Amino acid sequence: MANASGLFSPSMPTLRRIKIQPSVGVSRSGSSGSNKVVLGRILCGGTSEKHASGAVSSESRVPKVIGKGCKLIGCGSAIPTLQVSNDDLAKIVDTNDEWISVRTGIRNRHVLSGKDSLTGLAVEAARKALEMAQVDPEDLDLVLLCTSTPEDLFGSAPQIQKALGCKNNPLAYDITAACSGFVLGLVSAACHIRGGGFNNVLIVGADSLSRYVDWTDRGTCILFGDAAGAVVMQACGAEDDGLFAFDLHSDGDGQRHLNASVNENETDHALGTNGSVRDFPPKQSSYSCIQMNGKEVFRFAVRCVPQSIESSLEKAGLTGSSIDWLLLHQANQRIIDAVATRLEIPRERVLSNLANYGNTSAASIPLALDEAVRSGKVKPGHMIATAGFGAGLTWGSAIIRWG
């Protein structure tokens with residue numbers, strides 16, 4: 001298990017020293033949590049808790065002060081052409097619109113079809129974000145693609161870089177953290193800017209989970225859709241810093257509740273073994289459809305997400321009343337409502353477009369942000385508490401300012 005937390009002050013940005021402790025993982029600043037599964041339920045630990053190994057988490061008391069901040073200056077999104085309604089799903093599985101909408105809040109989702117591609121959606125979202133930010137692709141220093149469904153086993157980020165026409169060959173790589181991916185992308189981009197001297201970073205969240213859904217399983221096929229969203233993060237002075245704090249965690253023990261594991265396929269062994277090597281050549285493999293224990297995932301989310309956001313707020317020196325908007329990964333409306341209630345954030349300050357798109361994994365946060373910005377809901381200077389959570393299990397939060 002591993003966790004990370006960070007504090008970025010708008011007036012004095014800091015990066016905590018990294019401490020590595022055996023059997024504890026990597027802890028950045030603030031609080032190190034203890035995350036474990038007991039009797040099938042995921043429990044979220046508190047601060048300075050003793051771990052099973054006997055080691056006790058502690059924070060570095062000596063911050064490294066740097067004079068560079070980072071801010072979000074552009075966003076964009078893209079969705080596939082094909083829309084699938086709850087009524088459409090009712091034609092292929094035993095379900096109906098009311099059953100789905102009451103339990104999830106979802107009424108429609110968009111899925112890749114025909115000549116659509118995930119890379120194409122990512123590029124479209126990226127171009128819109130760059131246009132809003134007034135940043136030329138040639139001025140990008142880094143392209144991050146947050147996805148669990150790349151169209152190349154080795155990653156799709158370089159193909160986005162190519163399609164955008166980035167002639168200076170900026171670094172481009174994928175981040176795989178399921179529905180938490182975009183939050184990890186934000187933190188990673190900030191670290192590259194603060195510690196690596198980068199100026200313009202493109203962060204894309206894009207997923208096509210429809211390719212890994214069992215469309216005969218009404219428990220999962222009703223949930224997922226495909227989409228892409230993107231933001232541009234730019235270096236700025238410390239006084240304009242727009243990422244105040246973050247809190248990141250993972251717990252591999254919870255993987256059994258949500259996964260799409262590798263399956264080994266039977267082959268005809270056309271190459272033969274000549275009797276010299278047993279079980280060679282290896283069997284070809286592919287990924288299974290998404291397997292999910294919905295009740296356990298729900299319990300995990302409503303426990304761990306509010307705690308993570310509260311931790312980020314505390315590190316930032318803010319309270320819930322300081323937040324203009326709550327922007328969660330769009331997984332299930334019941335989860336969104338439960339987290340908002342726990343944080344005492346009224347419904348009118350919660351961003352949600354789940355009804356129109358379903359769970360789009362790493363794309364859900366930037367997709368909802370882009371709609372809110374372009375509709376005029378989110379304005380420059382607004383404070384946003386955002387959080388992602390999902391397979392891994394992974395979860396994390398960040399306190400950001402738009403513009």
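Predicted, not measured: the structure shown is a model, and the values here were computed from it. Sequence positions, counted from 1, serve as the residue numbers for this chain.
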Handout entry: Sequence-distant partners of Phe198, ring-ring contact (aromatic ring centres under 6.0 Å, His included), two or more places apart
Key =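 With sequence neighbours excluded, Phe198 shows a ring-ring contact (aromatic ring centres under 6.0 Å, His included) to His192, given in chain and number order.
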Fill in the blank from the handout: Hits for ring-ring contact (aromatic ring centres under 6.0 Å, His included) against Phe224, two or more places apart or cross-chain, chain-then-number order -> none
Handout entry: Flag side-chain contact, heavy atom, 4.5 Å: Trp99 against Ile222
Key =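 Result yes, sub-4.5 Å side-chain heavy-atom pair found.
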Handout entry: Residue pair Val297 / Asn332, side-chain heavy-atom distance below 4.5 Å
Key =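 Side chain of Val297 against side chain of Asn332, heavy atoms only: no contact under 4.5 Å found.
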Exercise for the section: Take Asn359 and Cys179 through the side-chain contact (heavy atoms from CB on, under 4.5 Å) test and state the conclusion after the steps. Expected result: CA-CA 9 Å; Asn359 180 344; Cys179 303; 4.0 Å; yes
Side-chain donor/acceptor of [X] to backbone N/O of [Y], under 3.5 Å:
X	Y	value
Ser77	Leu367	no
Asp214	Cys289	no
Ser210	Asp226	no
Arg401	Gly381	no

Would you compute the distance between atom [atom1] of [X] and atom [atom2] of [Y] and round it to the nearest 0.5 angstrom?
X	Y	atom1	atom2	result
Asp94	Arg218	CG	CZ	5.5 Å
Ser180	Ile175	OG	CD1	11.5 Å
Gln83	Ser85	CD	OG	7.0 Å
Thr95	Arg103	OG1	CZ	8.0 Å

Practice task
Scan for salt bridge (charged side-chain N to carboxylate O under 4.0 Å, His left out) pairs involving residues 370-398, sequence neighbours excluded, and state none if there are none.
Solution key: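 Counting only pairs at least two positions apart or across chains, the salt bridge (charged side-chain N to carboxylate O under 4.0 Å, His left out) contacts touching residues 370-398 are Asp370-Arg374.
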Problem - salt bridge (Lys or Arg N to Asp or Glu O under 4.0 Å) partner of Arg107, the single match among Asp87, Asp88, Asp97 - result: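 Only match with Arg107 under salt bridge (Lys or Arg N to Asp or Glu O under 4.0 Å): Asp97.
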Completion exercise
Which of Val183, Leu186, Leu184, Val187 passes side-chain contact (heavy atoms from CB on, under 4.5 Å) with Phe246? Answer is Val187
Exercise for the section: Applying side-chain hydrogen bond (donor to acceptor under 3.5 Å, both in side chains), run through Thr119 and Glu151 and close with a yes or a no. Expected result: CA-CA 7 Å; Thr119 302; Glu151 292 175 324; 2.7 Å; yes
Problem - Residues Asp241, Arg194; criterion salt bridge (Lys or Arg N to Asp or Glu O under 4.0 Å); working and verdict - result: CA-CA 11 Å; Asp241 185 41; Arg194 295 172 185 279; 2.5 Å; yes
Problem - Glu138, CD: over 12 other non-hydrogen atoms inside 6.0 angstrom - result: yes
Exercise for the section: Would you confirm whether the ring centroid of His382 sits within less than 6.0 angstrom of the ring centroid of Trp402? Expected result: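 No, the ring of Trp402 stays outside the 6.0 Å limit from the ring of His382, centre to centre.
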Handout entry: Glu310 and Arg342 ion-paired at < 4.0 Å
Key = yes
Practice task
Determine, for Glu124 against Lys128, whether the closest basic-nitrogen to carboxylate-oxygen distance falls under 4.0 angstrom.
Solution key: yes
Practice task
Check the pair His110 / Asn108 against side-chain hydrogen bond (donor to acceptor under 3.5 Å, both in side chains), numbers first and verdict last.
Solution key: CA-CA 7 Å; His110 294 253; Asn108 295 288; over 6 Å; no
Practice task
Verify side-chain contact (heavy atoms from CB on, under 4.5 Å) between Arg349 and Asp324, making sure each step is shown before the conclusion.
Solution key: CA-CA 6 Å; Arg349 287 165 50 200; Asp324 295 296; 5.9 Å; no
Problem - Passing candidate, side chain to side chain donor-acceptor pair (under 3.5 Å) with Gln330, options Ser361, Ser364, Ser352 - result: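 Single pass found, and it is Ser352.
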